[in-house]
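Structure first, then comments.
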Number of protein chains: 2
Amino acid sequence: MLDQANKTSRPRLRKAERRERILLELKLYPHVRIAELAERFGVSTETIRRDFDALSKKGLLSRAHGGATVASHQQYPDFDARNQARVEERERIGRRAAALVQPGDSVMVDSGSTTLQMARFLAYEGTQCTVLTNSLPIAMAVGQSAGAQVILCPGDFLPSEAAVVGPDAIEFIDRHHFDRCFIGASGLTPEGVSETVRGFAAIKRAMLRRADRAHLVIDGAKLGTTGMAHVGALDSFASVVTDRRPDPAMQAALNKASVEVLVAA
Amino acid sequence: MLDQANKTSRPRLRKAERRERILLELKLYPHVRIAELAERFGVSTETIRRDFDALSKKGLLSRAHGGATVASHQQYPDFDARNQARVEERERIGRRAAALVQPGDSVMVDSGSTTLQMARFLAYEGTQCTVLTNSLPIAMAVGQSAGAQVILCPGDFLPSEAAVVGPDAIEFIDRHHFDRCFIGASGLTPEGVSETVRGFAAIKRAMLRRADRAHLVIDGAKLGTTGMAHVGALDSFASVVTDRRPDPAMQAALNKASVEVLVAA
DNA sequence: AAGCTTTGTGGTTAATCGCACATCTATGTA
DNA sequence: TACATAGATGTGCGATTAACCACAAAGCTT
């Protein structure tokens, strides 16, 4: 039942075309089943399985038992795999950071996987607060909470991070004033805080400007590393939440800058 | 992992709490696995399975082999169930509407399930365009496309619709000018277009003001119904994309207002 | 026609599902 | 306090389904 009824069905496209359709299907529904697709395309399940393998190797989908799901907020597959092991650490950091928010606070939350964990705990605990963020997953996570009001920044959408950046976002942040901000980062050294993703550093700096108290949330694995863009000096922050005690040099620098160190147990 | 470290772990809450967490997890990741959740919560897989059964009976998630997936794009379960049968119609409308976008166009896309379908086709076809939207799922869908640049509106986040509303959004839209806008609606009658969700009508009106050509995308089942808020008169629109030919009275009104009717086959 | 790629088939292993029944826990009642 | 009860959870089992591997068949390219 090779349906080359129309002239456009050059066989060489068959595989590619089918995979395109799988991706389309995945855009329409979050989850597709192997058996279902096999039947729809009139091929064997083994073929679909091979398609899944190929597509998942490219990071275009993530496999599950019996089917496949859209690639989780499309980060690079390597990035995702590399950091999956640290989810638990991030959860601990996020929980500790969420505990800093007092009922009635207004807080800005930067985009990032660690701050997302924090947002989840904020929603889970139902802390009553107003949250301004430039991250779509964070907005959706905190939005679940009945106690929270969420304000989203405008700007240019960055698909790889599911966040917005750019001048519109900066200007929007600058029009506000909040009690606290929670900032993630790619690196922390005695010289300060740095970021790798293009466009994010400016957002973080804007949040630092417009919040009374700044908290850095950072995976312990990033202590001692540096990203390409400078975010701010240590003394911009009131505290840093991490999962690992900083080494003596780092600790000394933090002490000198009067930064409180909170190690999530 | 959140266990009952704190005193609030009354066992009677355990079940409800766990299910809340499952739903929260599902908001963050499109697919969760039974085994994974069982381990995380420290319960047996059978318990998670029963949770899935209960939640899926309520329409809050859809089951899959080995796990569960978000119920298609967080609407009220009833609403969702009622309209699930019309997904195919929406797909057709969305595809037809997406075809109206010319390469290089700048388009505003209103939030809504039909416009979301349109956004998915836009992404699938890779049409090169700039998209401004107030809907988070639409931003994420169109963001998939390499050809598209996505601009997100600021504003107050509305969790039930995963979109932003409010004065910030309106003002932001008013600062732009786009080639086209695609508007969804709750109702269409000879008197005009109307909307039910509070706050959305003002967004739609702003988009209508700031776009050269307006297209209404609307499920045929909504022809002849009225929402509580007025969006605009028929002559605000250049065309309406639907899946059912309007009745004679409606058709006459559309003709009189010079609205092109596109019925998606 | 040769060679490569893609796809299908068969059989085995592993995982999940769904059910029945036992256990545990919180709560209500005497 | 002791007991009874209902709801929630865990365990064991057979049936179902998917994953995986290797090889054969079919299709396209040259």
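Predicted, not measured: the structure shown is a model, and the values here were computed from it. In what follows, every chain begins at residue 1, and chains take the letters A, B, ... in the order their sequences are listed.
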> Taking the side chain from A:Asp243 and the backbone from A:Ile93, do they hold a donor-acceptor pair closer than 3.5 Å?
Replying inline: no
> Which residues pass the side chain to side chain donor-acceptor pair (under 3.5 Å) test with A:Asp110, sequence neighbours left out?
Replying inline: A:Lys204
> Can you tell me how far OG1 of A:Thr130 sits from CD1 of A:Ile151, rounded to the nearest 0.5 angstrom?
Replying inline: 6.0 Å
> Nearest heavy-atom pair of A:Ala119 and A:Ile138: which atoms, and what distance?
Replying inline: CB-CG2, 3.7 Å
> In whole Å, what is the span from the CG atom of A:Asp51 to the C1' atom of D:dA18?
Replying inline: 16 Å
> Bend angle of the helix from C:dA1-D:dT30 to C:dA30-D:dT1 from five-pair axes at both ends, rounded to 10°?
Replying inline: 30°
> Taking protein heavy atoms under 4.0 Å as touching, what does nucleotides 12-17 of chain C look like 5' to 3' if B marks base contact, S marks sugar-phosphate-only contact and - marks none?
Replying inline: ---SSB
> What residues form a salt bridge (charged side-chain N to carboxylate O under 4.0 Å, His left out) with A:Arg19, not counting sequence neighbours?
Replying inline: A:Asp51
> Is there a donor and acceptor pair, one atom on the side chain of B:Arg50 and one on the base of D:dG7, closer than 3.5 Å?
Replying inline: no
> Can you name the residues that form a salt bridge (charged side-chain N to carboxylate O under 4.0 Å, His left out) with A:Arg245, not counting sequence neighbours?
Replying inline: none
> Over how many whole Å does the gap from B:Asp53 atom CG to D:dT9 atom C1' extend?
Replying inline: 14 Å
>> Among D:dT9, C:dG8, D:dG10, which nucleotide has an atom closest to any side-chain atom of A:Ser44?
In response: C:dG8
> To the nearest angstrom, how far is A:Arg18 atom CZ from C:dT5 atom C1'?
Replying inline: 12 Å
> Under 4.0 Å: is that the gap between some side-chain N or O of B:Thr47 and OP1 or OP2 of D:dA8?
Replying inline: no
>> Can you tell whether the side chains of B:Glu89 and B:Arg92 come within less than 4.0 Å, N to carboxylate O?
In response: no
> With sequence neighbours left out, what residues match B:Asp156 under side chain to side chain donor-acceptor pair (under 3.5 Å)?
Replying inline: none
>> Nearest whole Å is fine: how far is D:dC20 P from A:Phe52 CZ?
In response: 12 Å
> What distance do A:Asp179 atom CG and A:Asp105 atom CG have between them, rounded to the nearest 0.5 Å?
Replying inline: 5.0 Å
> Rounded to the Å, how far apart are A:Glu46 CD and D:dA26 P?
Replying inline: 18 Å
